[in-house]
Amino acid sequence: MTSKPEHHEHGHGHGQTPRVERSLLRKWFPHPILSLVLIGQWLGLNNSLAPGHIVVAVLLAGFIPIYTANFWPNRPKLRAPITFLVFAVVFLWDIVVANLQVAYLVLFHSPAKLKSQWLCVPLDLCQPEAVAMLAGTVSLTPGTISSDLSADGRYLLVHCLHVDDPAAEVQKIKDRYERRLKAIFP
Amino acid sequence: MNHLLILPILLPAIVAPLLAIVARNDIVLARVFSFAATLGLVAIGCLMVWTASDGQIRIYELGAWKAPYGIVLVLDRLSAIMVLLTACLATVVQLYSMAGWDTRGFHFYSLFHVQLMGVNGAFLTGDLFNLFVFFELLLIASYGLMVHGGGPARFKAGLQYISINLVGSVVFLMGLGTIYSVTGTLNMAHFAVRISQVPESDQALMAVGASLLLVVFGLKAALVPLHFWMPATYSNAPPPVAALFSIMSKVGVYALIRFCDLSLLQLGGPFAALGTQLLVPCAVLSLIVGAIGVLAARSLSQQASFVGLASIGTMLIAFGLFTPESQAAGLYYMLHSTLAVAALFLVVDLVIARRPGAGDGFDPKPFPQQGYLAALFFVGALMVIGLPPSSGFLGKLQILHSLRSTGEWPMLWGTILVASFAVLLGFAQAGSRVFWKSSAAHKGDPHDSGVGVGQMSHGNALSAKPLPLALPSAAIGLTWSLLILLTIFPGPVMSYLEATTEQLFDPQRYIDAVLKPAGEAGL
Amino acid sequence: MIQLAILFCYIAVCLSLLMNIWRLYIGPNVVDRIMAADTLVINSIVLLILYGIQTKSTMYFETALLLAMFSFISTVAYCRFLMRGDIIE
Amino acid sequence: MNIALIVLLPLLGSILPALMIRSGRNACMASAAVVNFLALALLLTHSPAVFFFKTTPKISWPWLDSIGLNIEFWVDGLGLMFATMILGIGLLILIYARSYLSAADPMGNFYCYLLIFQAAMVGIVLSDNVILLMMFWELTSLSSFLLIGFWSHLPAGRQGARMALAVTGGGGLALLAGVLLLANVADTYRISEILTRRDLIQNSEWFPTILVLILLGCFTKSAQFPFHFWLPRAMAAPTPVSAYLHSATMVKAGIFLLARLWPVLHNDGMWFYCVASIGLVTMLIGAIIALFQDDLKGLLAYSTISHLGLITMLLGFATPVAVAAAVFHIINHATFKAALFMNAGIVDHEAGTRDLKRLGGLMWLMPVTAIIALIATFSMAGLPPFNGYLSKEMMLEEASHTKWMGSKQIIPTLVTIAAVFSVAYSFRYFFGVFAGRVRHDYPHHPHDSPAGLWWPPTLLIILVIAIGLRPDIMAESLVKIVTASVIQDAAPDIHLKLWHGWTPAVTMSGIAVGGGLILWLLASWLRTIWDKLPRPDAKVIFDAVVHGLTRGCQLISDSLHNGSQQRYLFLIIASVIAFAGWNFASYPWAHGDRPLQPITTPLVVGWILVVGSTLLVVINYRNRLYALIALGVVGLFSSLGFVYVSGIDLALTQISVEVVTIILMLLTLFFLPKYSQPESMSWVRWRDAGLAIVAGLGMGGMSWLMMTRPWSMESIQSYFLANAKSGGGGTNVVNVILVDFRGFDTFGEITVLGCAGLAIFAILEGLARGKLRQRLQDWEPDVARTADRHPILMVVVTRVMLPMAILVGMFIFFRGHNLPGGGFIAALVVSVALIMQYMASGFGWTANQVRFKYHGLIGGGVLIAAATGIGAMVADRPFLTSWHDHWHPPKFWEIDFGDIEVASAMAFDLGVFLTVIGAVMLALAQYSKLGIIAVDAEVNASPMDCDPLNNQPPVNRNHKH
Amino acid sequence: MNLPEMPEMPVDAWGWVVLVSLLIGGCFVFVGSFGLLRLNNTMARMHAPSKATTVGVGGVLIASIFYFYGVVDEPYRVFPAQDLLIVFFLFLTAPVSAHFMAKAYLHKHSPQESDLPQPHNGSGWATFKSRA
Amino acid sequence: MELLLSSAIGVFSAAGVYLVLRPRTFSVVMGLSFLTYAINFFLVSAGRLSVNMPDILSKGKELSEYADPVPPALVLTSIVISFGMTAIMVVMGVRGYFENDSDHVNISLTEEMIARSRE
Ligand code: NA
Ligand code: NA
């Protein structure tokens, strides 16, 4: 392919995507969880549990991850499923609360009197997936938006719509979310 | 079912992607493949002409769906001739491009074959929307081919070309939509049946739809005042591509006559007089604008473009009369002018290639192989102007002859003859400046001491290495051989063409063939 | 009752759409416009779902699904354009 | 058949000298001469028939019978005489030219052109078909163009050739019209038949037109006033050409045609006044100007004009005797004038100049040449006992009793004056060149030329003398036979002899000689007066006319095609509207009464959004990003509109296309300016807005009319609805139409898309390589850029999205035949997912992970689609015939998998799917590559800017070719 | 308000859920867009839609799920899994959209980098400073 | 709703025509997009309007209860083709911009002569 850069053959060894000898299982089932999700997605989309659909779902859930595995090198290992559930509940609860708060601010608070703030949240997480999940959680919950990461990915820049105590806010993020994520992504 | 009908579309449709896959980095392979396919098209074209010569109209129901629901291809004499003409022209362009143009960009042959596919499809289809698709197909390939090789002027002209044609495509769809909303069909034969049944309340809509299609066909054919895309496009396109494009404007002409002869003339009302009231005046204008352009041109390729415009005007005068005689004459002239204009573009390209820095402007500048090129240009010009003994002369004569039945023939004759004269003048001037004035080797003149002392020409002192001429000469020679055949055997050709127009003027046969396939009608 | 709720939602969405386009018009900066366009898409998804509920048809939901997938891409593309000019590098 | 051969021999033989030149110049000449000689011999084999048996051999082959163009030749008296002259003098010229042309001249070309010209001339005189004659006529113009311009390095040669072509070619076209009309009126194309239909022709309302057109052709060709100016200019040709073209051939073609058509065209009215008057004027003017020429060939050229005038005048007299005189003078003029041209050539060749002022006294150095000149000039002057005298006497005799507008004096007087000048210039030629003292300042050292140059004119001189002395033997029967064939009647009873008694002609002749002598003696004095007279210069006028014409045409053409796309499009759109509007107005119409769909609030809001965002685009189009965002909103609500009008497939397609388009436009906008400068003047904007409003009203109005009327005819739609399931095997009718009923359209459509991909590749690859690459590298982005290229968040989200989006794509693909979806939409979904990956992780890294080649996808897709169609052909069904069936897989562990629908349309759709992915991805990937070159960026080899896990910096590589 | 006709349906337990979800969803959709219009600076405005629309859309989608699964009559009764997927996609993508809009805003309109709190290790924000 | 649709088609066409007549390639492309919207809805309107009658065959429905499937099929083809055309046009626009150092659409005659002599 002409559009392919020429460094293809040098690609290995340099980046952080070394294609080391993977086990056969890893090769044919690169992302088991993803495969499960895809099976569920397929059956849901087709709205059917018919055997034919299950066969197709299994086939697709097998093939698609094999193809896309390249695009997702160094997949993280997930731990602590219980923590994950707790995290999910906390997250959903916070979303509801956040929305009520934001609704209040939008409807009844004078825009001029909003105390908007930039916060710098230092991160203990180092998995990209974990960082992304934290950032996403922050964005989806109380009046906060993950606006930027530091160049080395170790700090999160958060914009708060209305905050009285920035330090407390940072601590809240670390306690409620980051702690749990740290357990999920060891 | 005769698979012959699909072949001129299918062959390029297979070759084009195949070239893109296997031969995109191997020009030799591409040339071999492409040339073989082009020759195949010639064979198919010959077979088609031969098949159609029995006067029967054959159809091919794609997907085995009956007309008017499915798409049908229709082979009658006219479409057979057009396919053969396309194949011949393609061979010429292919031969010529192999001398080097095909390496100046990417995917030349893929685009080339898509263009052929589009052109052949447009000639064969019996469905209006399918015609649109093939128009788009030939256009998209032409966009790529137009800018093949690059260059500032080429890209500006290319952008204008694409913009104008995109507007044309919109108009085409408008016309189609309107026609569908009134007649509920997209099939040309079915449309021909229904056009006469349109109730009064819908006739204005019908007329607008039809007129929009006419405008689009006129746009493709470069009929004044819809011709504005043409001069810049043709004169800036790579000359072999411009040569190939000379069949593209004929697609417009073809669609125009097919559409009018088959259906539109039956609507009655103003459309009955469409030809003489509108088409012929526009054609006359095209001829005049073309002739003026030839005189005004500042470069050989501009001149070739404008002479192309003039030839469109000439043939549309003939077609616009809508008589079997005039259209047969028009077809003969179309065969001639398509090839002649194409050959002229190729000659011009040879000149351009040898005059780096001067291009094809008229500034006198000596160049290698000048004598040979002068001869080529002379013959090429003679062919396009339509001077004897070229087939163009016969074509024009026949057109003049067929014009006698109109009331305006003195004016039409005058226009055609004066325009021919203007074109003659233009080419004489251009040729003498580019080929004669520029010849300069500094030798004393042994004779004419009495009248101005000049320098002898010939055996010129240019040290530049001569460029290869074998393939280009073969290409140009092939074109001229075809034209000479046209000159020597106008009789058989004309009898075929007269039978063609006879077929055209009996739309019922077309309709019967498309809507009542032999099996069903119990024939 | 459900009809009234749907009606209420329609009104809410229609007003939202009008407010969105007004934001798109007044800006003031290009990020606001992108935001307005993004919100327009989200609101359109709501509109589609409402239409599906109203017509008892889930046939329109694939449209909503594609909108959900693609609104993200165009928003990111606009932003990347502002940030880097080149959206694929 | 051998009549045609007379023409064909030189025509086909013209290739011989061009080839033989490789064997040397003599071989070249010899081959041409042999061809010429054979033709002459063939011709002469017919002379017994014409002379003794009084028959006219004819042949007729069909060629293009529908327009009366057939290969028809005949040899009658007139044709025989002319053909003999052409071939005979031609042979002499061929021989003469061998010695005349220098080593530097391309002799092969010369003889080639000359033989073509000869063939054309012979063709003219032997044609029995007016259209065939016309073809040869035009061919003479063309070949003479080549001959006159043979020395193309001389400006005069080029100019003369162009002028000759312009005048004679133009006249030829008028002639063509005249001849076609004539044939039309006479209802035959055969000349021999036309000649018998005088009454039909002369009584036709078209007669004046025919006459004028034909005379235009004849007069331009034979250089009659006021078209005479090209002839002297044509003297720039090599002398053999002048000798040939301007004595016996080209210029005589006009005379020939006058003579040929004389039986049907002549009368006492219009013919007489046009032809005789023009002839007389030409004769007079030519003679006068000739006297003042210093260039020998110029003098001869004007004398030729004068003599041609004389012959024309005689033909114009419209009496048989005058015709006989004309015929006789044609012969005589050919002999002495050809000899004189050759003579002038010898002088030029030997003395190195043709300028009378630099010549004189050559008699002593070149006696043979002088004798030739003496006899030829005296014949030209009309002095006895040479042949010129005889025909001039006949002319004077005829002129003496011809009345012009009732006046008896005018013609004789003017003719005598012309004769006086004729004698004078003849004397001037001979005495000016040969008499007097030998000079010492000739450019060369003149002496008698080699035989090759002098014996051809000598042969002619012998004829001059022989005819002059014994016309009764040498010419009388010929003249009579030719005259008879010209007038198509019995020849008048004429007797050619030197002395007819003391007739008025003798008196006039005497005056002429005396007057001529005096005039010659006064010539240098008269010259000073002549030089002071204002005279129009043909070259200046011609140049001015041509230049004016060119400038005028450029003015028109440039203002018409001024390169402004804005104007082109305006005119085209305006034409469309005008034409459609005119047609709308010309036909009846009525409002439709189809019940309208209700207007609901969401619809109104949607309308406001669509129209509002359209207005935003139009108002802010110069702020391109803003316009693009608003355009996206238009697209979004268009899709919702499609949903509302039941076009769900449309909506899905529109949404997907919209995203890809926006990405494409943003990629484009990176390189282009972000803002347009205000350009158009305000009146242009208002004009455009006006047109836009009219277009909008038209299109909106049309759609209103369409929507509001019930179907007046049954649409083909019901067939599709009825047969989609049973015939096409799918319940999504739109999709079944696309992949089955009208699958051929879709086949074309994917080819369009694939071709677009290839064309885009070609266009962009040309930018990435070659000359433009440097320009691309020199270009700097005109926006400030952030530091991070591949933010972590986006990368992570994409990793999750990609497989799921591909699955959605698969879902849409598989359901397409029965529910909204299909290959195209699926392909766009997958493409967008991949694009997302490109946006997240960049071009370099992503391209490395994508494991297929986009070219292959395009080609493979089209081929798969084609193969589906061809599969049907193998089964002897038409291309793209679909096949579908149910397949019930066997039970497996008691699990019933149910019916599985299998349709060939699915394979076709797979082709669509692959092509679309290939095309979209090829275009976008190619595009994004440009950006990297443009900013000289490094290609990233890692998927994100920084991986916080191992805190590695991003790995980049230089992008090189 | 002119809307197409819709047959009356009994409001059972599922119906109440649908009704409440619809009302909540409608409110939050409105609040999101209202906030986008009302708030007075770009960063503040960004909070409104990116939060409120999640619950807005979520509400309507939940309504739709329960409606099609519990309220409508048999031939139309399905479990619209697409709705779940829509919610999933929106939750996945909304933060990234917001993130990019914020970054774009920082890049184009934030007066200077120094207005922001800085990472303690001095690496700087990605928008402004690259690692390399 | 016919009125709304036809007026929207009118607005699209007017916007399209106006933008197509602007002198920069980018505006022309946007104008062509509008013309495409216009023509797509125009084609839909050629089949008359039907609300909530998608062409998905289901048991027990009369043929008259489906929208006309022909215009959507035509529009789909047209959308795809327009997409290809738009793509090639913008790409040509970019290349043309680098070839000419300008994205102006008009050819100036003098420029053309200069370009010709450069060849
Ligand atoms: Na650069
Ligand atoms: Na979002």
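No hydrogens, no waters, no symmetry mates; every other heavy atom, side chains included, goes into these values. Letters A, B, ... are given to chains in the order of the sequence lines, protein chains preceding strands, and every chain is numbered from 1.
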key: Most chain A-contacting option - heavy-atom pairs closer than 4.5 Å, from Leu85(E), Leu92(E), Val78(E)   = Leu85(E)
inquiry  = Report which part of His162(A) has an atom under 4.5 Å of a heavy atom belonging to chain E: side chain, backbone, both, or neither.
reply    = neither
query = Between Leu105(A), Thr137(A), Thr144(A), Val121(A), which residue shows the highest count of heavy-atom pairs closer than 4.5 Å to chain E?
reply = Thr144(A)
query = Relative to chain A, which segment of Phe88(E) carries a heavy atom at a distance below 4.5 Å: side chain, backbone, both, or neither?
reply = neither
Pair Asp94(A)-Thr141(A), side-chain donor/acceptor within less than 3.5 Å = no
remark   = When the 4.5 angstrom heavy-atom criterion is applied to Leu114(A) and chain E, the contacting part is side chain
inquiry  = Between Lys77(A) and Phe185(A), is there a side-chain heavy-atom distance shorter than 4.5 Å?
reply    = no
Sub-4.5 Å side-chain heavy-atom contact between Trp42(A) and Val58(A) = no
Check: Asn46(A)/Ser48(A) side-chain N/O donor and acceptor closer than 3.5 Å = no
message = Show the nearest heavy-atom pair for residues Val163(A) and Glu169(A), with the distance to one decimal.
response = CG2-OE1, 3.7 Å
Under 4.5 Å from a heavy atom of chain A, the part of Phe79(E) involved = both
ask   = So which of Ser139(A), Ser150(A), Ser110(A), Gly153(A) has the biggest tally of heavy-atom pairs under 4.5 Å with chain E?
value = Ser150(A)
ask   = Below 4.5 Å, heavy atoms only, C-beta onward: do Leu39(E) and Val106(A) meet side chain to side chain?
value = yes
request  = For the residue pair His159(A) and His47(E), confirm or rule out a side-chain donor-acceptor distance under 3.5 Å.
outcome  = yes
inquiry  = Which atoms of Leu100(A) are under 4.5 Å from chain E, going by heavy atoms: the side chain, the backbone, both sets, or neither?
reply    = both
inquiry  = Which atoms of Tyr104(A) are under 4.5 Å from chain E, going by heavy atoms: the side chain, the backbone, both sets, or neither?
reply    = neither
task = Count the heavy-atom pairs under 4.5 Å between each of Met46(E), His120(E), Arg38(E) and chain A, then report the option with the highest count.
result = Arg38(E)
